[in-house]
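All remarks here apply to the structure that follows.
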Amino acid sequence: MNQQEIDQLRQLMEYEASRTEPPQAFPTLPDIPGGRYTDPRFFDLEKQHIWRKAWLLAAHIDEVPEPGCFQLWENAGQPVIIVHGDGGAINAFYNTCSHRGAPVVTEASGKRPRLTCKYHGWSYSHEGDLLAIRDPEDFRGLDFSCRGLTKIRCERFGNLIFVNFDDEAPTLLDWLGPIADEWQEFQFDKCRLAGRHIFDLNCNWKIAMEANTEVYHVKSIHSKTVAVTLDDRRNVNTLYPNGHGRMIAPTKEGADELRVAASIDSNIRLIETVGEIGRTCTQSYGIFPNWVSPLSHRALPPLLFWPNGINKCRLETWTLVHDWGDGPKPQLQDMWTNADGTELGAVLLEDTEFGEWIQKSMESYGFKGVPLSYQEARIYHWNQSADRMIGIDNIPPELRVPQVIGEEWIYPNDPRIAEMEADKSRSAG
Ligand code: FES
Ligand SMILES: [Fe+2]
């Protein structure tokens with residue numbers, strides 16, 4: 001982030017703190033239909049379109065560090081093997097043998113010279129090619145070249161490995177758009193995996209995720225934790241293409257560090273290239289569809305939300321820290337969890353425990369829809385983008401979200417800047 005952007009953000013923070021109503025140019029947001037959380041038709045549409053077409057964070061290079069290393073990944077509801085190929089590329093395949101559909105690996109992870117199906121012994125290379133079969137004399141005209149494992153799109157952003165089930169999807173870099181540039185300062189190519197844990201929650205996945213997509217709830221739900229340090233009235237939301245979003249809120253005067261950040265071990269290396277905003281504010285990104293992460297010079301800790309049925313989900317917590325060098329992994333505390341990753345930390349517990357209550361009340365006959373405020377614009381933007389990915393015509397009309405936030409609000413556009421300048425010249429005049 002250059003100095004001009006930093007200065008503009010600082011001005012926008014003051015603008016947000018001083019405004020007495022939403023920005024003039026900001027549209028009135030229609031209610032989000034309640035059925036988007038509870039109607040199985042919408043849940044199925046998410047499954048068919050969102051989970052099938054979006055780039056999803058699946059693994060870290062530390063989990064498949066050498067050729068032949070593999071990891072099973074089923075968080076998106078499909079059986080996937082991620083394999084470190086012989087030439088160094090990371091490959092992803094359906095874990096589905098080309099013979100009779102048995103899984104090719106049944107271990108969570110490991111390292112093998114080739115991938116051999118346990119059922120009848122067909123074996124595949126790390127590139128997914130069929131190498132050998134048992135009793136080939138019993139097959140007539142079996143073409144090895146079209147009997148390899150079925151490939152899935154797999155691309156890296158630094159040390160992070162993403163998959164996408166859609167052959168037509170844009171590249172990962174195009175998907176991230178301007179965020180990929182903005183993230184250069186965090187050096188994702190040098191991040192190491194310090195912790196990765198998963199927790200079952202009793203609520204729809206969007207209920208859990210949305211608790212991390214606005215700061216409106218901070219004063220009530222996190223009154224003794226986040227609210228002590230986060231200056232929510234100076235929060236600046238930014239909407240990016242493809243449904244991504246960012247919030248930047250300064251740390252309150254007198255509270256030097258966020259408590260969550262303080263839980264990171266003090267002997268890890270800081271990311272020296274992280275600028276002023278990442279060091280002094282909560283700078284948090286939502287990457288469509290299911291990643292939320294506050295990024296700072298201390299840690300890059302994505303939270304991921306995965307559906308597990310319509311009223312259950314899984315929360316995955318990652319802690320990424322800057323490369324600790326050649327030595328052994330230092331004793332690292334996890335950003336999000338306690339007790340060796342068996343318990344959620346205080347802030348996430350506050351969100352997740354309340355999520356179960358929200359689930360119950362959203363299932364009541366009394367729940368019709370959600371009126372969102374300007375502060376919660378990132379949630380609306382997510383929903384608009386979800387509808388475009390699903391295809392608006394595929395959605396029953398009563399479950400659609402009207403497309404009211406226009407391109408003029410999508411980065412690098414920002415109507416607040418003109419309003420801010422107009423305010424300034426009014427008060428100067
Ligand atoms: S199903 Fe894999 S070898 Fe038969
Ligand atoms: Fe929260």
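One-based numbering, in listed order, for ligands and for the atoms of each. All values below were derived from every heavy atom in this structure, side-chain atoms included, with hydrogens, water molecules and symmetry-related copies excluded. Quick caveat: nothing in here was measured; it's all calculated off a predicted structure. Residue numbers start at 1 and run along the sequence shown.
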Of all N, O or S atoms in H217, identify the one at the shortest distance from the Fe ion (ligand 2). NE2
With the side chain counted from C-beta on, respond yes when S98 and L130 share a heavy-atom pair under 4.5 Å apart, and no when they do not. no
Close aromatic pair by centroid cut-off 6.0 Å: H244 and W291: no
Indicate yes or no: does K368 engage D31 in a salt bridge with an N to O separation below 4.0 Å. no
One checks atom 2 (Fe) of ligand 1 and counts protein N, O or S atoms under 2.8 Å, reaching 2
Give the ring-plane orientation class for Y285 versus Y240, where under 30° counts as parallel, over 60° as perpendicular and anything between as tilted. tilted
Evaluate the side-chain proximity of F157 to W55: yes if any heavy-atom separation is below 4.5 Å, no if none is. no
Inspect the contact between E185 and R279 and indicate whether a charged nitrogen and a carboxylate oxygen are less than 4.0 angstrom apart. no
Output field for angle at the Fe ion (ligand 2), H222.NE2 vs D351.OD2, rounded to 10°, should show 90°
Is the distance from the ring center of F165 to that of W51 below 6.0 Å? no
